[in-house]
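Inspection log for the structure reproduced underneath, given as structure tokens.
In this chain, numbering begins with 1 at the start of the sequence shown.
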Amino acid sequence: MRKNSVKNTRINAEVLKELSHIIAREIKDPRISPMTTVVAVEVAPDLKTCKAFISVLGSEEEQKDTLEGLRSAQGYIRRTLAHSINLRNTPDIRFILDQSIEYGVAMSKKIDEVNAPMHERERLEAEAAIREEKEASEE
């Protein structure tokens, strides 16, 4: 099976859905943050390994604790995944912290900071134009 085949894409989607369900509802480890999301899953074509990209909304400490909790629950997660998905092999899951969402939020804030003076200038120019029109119409 090739990496980008339709079958592999469907397996990735199904594993993503099941992992999300398992992490959100079945694991009771207090180290795992309730704001944990499975962003993407890449199952190898031979179905032996799987990379699960995890996003945790919170501090660095919460992110580290969540990864530690997920790694300690890896056996349970794999067993539960094997029961819910009927595959020839149940992949060995490797959890990877994905910080793309945080990076996107940080970049958006920086862009807003850079554009704020420009937007303020445009707002002032628009207000000045409205005042000029109002004064011209009163005359």
**Asked** Is there side-chain contact between Q99 and Q63, with heavy atoms separated by less than 4.5 Å?
**Response** yes
**Message:** Measuring only between side-chain heavy atoms, which start at C-beta, is N8 closer than 4.5 Å to P45?
**Reply:** yes
**Asked** Side chains of M118 and E122: closer than 4.5 Å at any heavy-atom pair?
**Response** yes
**Prompt:** Would you say E120 has more than 12 foreign heavy atoms packed within less than 6.0 Å of its CD?
**Reply:** yes
**Asked** Looking at residues at least two apart in the chain, or sitting in another chain, which of them share a side chain to side chain contact (heavy atoms under 4.5 Å, CB included) with R10?
**Response** V6, K7
**Message:** Please report the interatomic distance OG1(T90) to CD1(I77), rounded to the nearest 0.5 Å.
**Reply:** 13.0 Å
**G69 versus I32, closest heavy-atom pair with distance** = C-CD1, 3.9 Å
**Message:** Less than 4.5 Å apart, side chain to side chain, heavy atoms only: is that true for L70 and I27?
**Reply:** yes
**Message:** Give me the atom names and distance for the closest heavy-atom approach of F95 to R71.
**Reply:** O-NH2, 3.1 Å
**Prompt:** Taking the side chain as C-beta and beyond, is there a heavy-atom pair between L47 and P91 under 4.5 Å?
**Reply:** no
**Polar side-chain atom of E62 near backbone of S59 as donor-acceptor pair, under 3.5 Å** = yes
**Item:** Residue pair Y76, D29: steps toward the side chain to side chain contact (heavy atoms under 4.5 Å, CB included) verdict
**Value:** CA-CA 11 Å; Y76 173 78; D29 192 330; over 6 Å; no
**Prompt:** Nearest 0.5 Å, what's the OG-CD1 distance between S84 and I22?
**Reply:** 5.0 Å
**Prompt:** Between atom CD of E61 and atom OG1 of T66, what is the distance when rounded to the nearest 0.5 Å?
**Reply:** 10.0 Å
**Asked** Is R94 reaching over with its side chain to a backbone N or O of T49, donor-acceptor style, under 3.5 angstrom?
**Response** no
**Message:** To the nearest 0.5 Å, what is the distance between CG on D65 and OG on S33?
**Reply:** 9.5 Å
**Request:** Take K110 and E113, measure what salt bridge (Lys or Arg N to Asp or Glu O under 4.0 Å) needs, and give me the verdict at the end.
**Result:** CA-CA 5 Å; K110 288 179 182 179; E113 288 172 8; over 6 Å; no
**Prompt:** Is the backbone of G104 close enough, under 3.5 Å, to the side chain of S108 for a donor and an acceptor to pair up by distance?
**Reply:** no
**Prompt:** Got a salt bridge between R123 and E127, using NZ or NE/NH1/NH2 to carboxylate O under 4.0 Å?
**Reply:** yes
**Residue pair V43 / V15: nearest heavy atoms and the distance that separates them** = CG2-CG2, 4.0 Å
**Message:** Evaluate L81 against L87 for side chain to side chain contact (heavy atoms under 4.5 Å, CB included), listing each step before the verdict.
**Reply:** CA-CA 10 Å; L81 190 63; L87 292 175; over 6 Å; no
**Request:** Give a yes or no on this: more than 12 heavy atoms of other residues, nucleotides or ligands lie within 6.0 Å of atom CG of D112.
**Result:** yes
**E26 CD to E18 CD distance, which is reported to the nearest 0.5 Å** = 8.5 Å
**Request:** Find the distance between CD1 (I54) and CG (L97) and round it off to the nearest 0.5 Å.
**Result:** 8.5 Å
**Item:** Results of side-chain hydrogen bond (donor to acceptor under 3.5 Å, both in side chains) for E68 - residues two or more places apart only
**Value:** R31
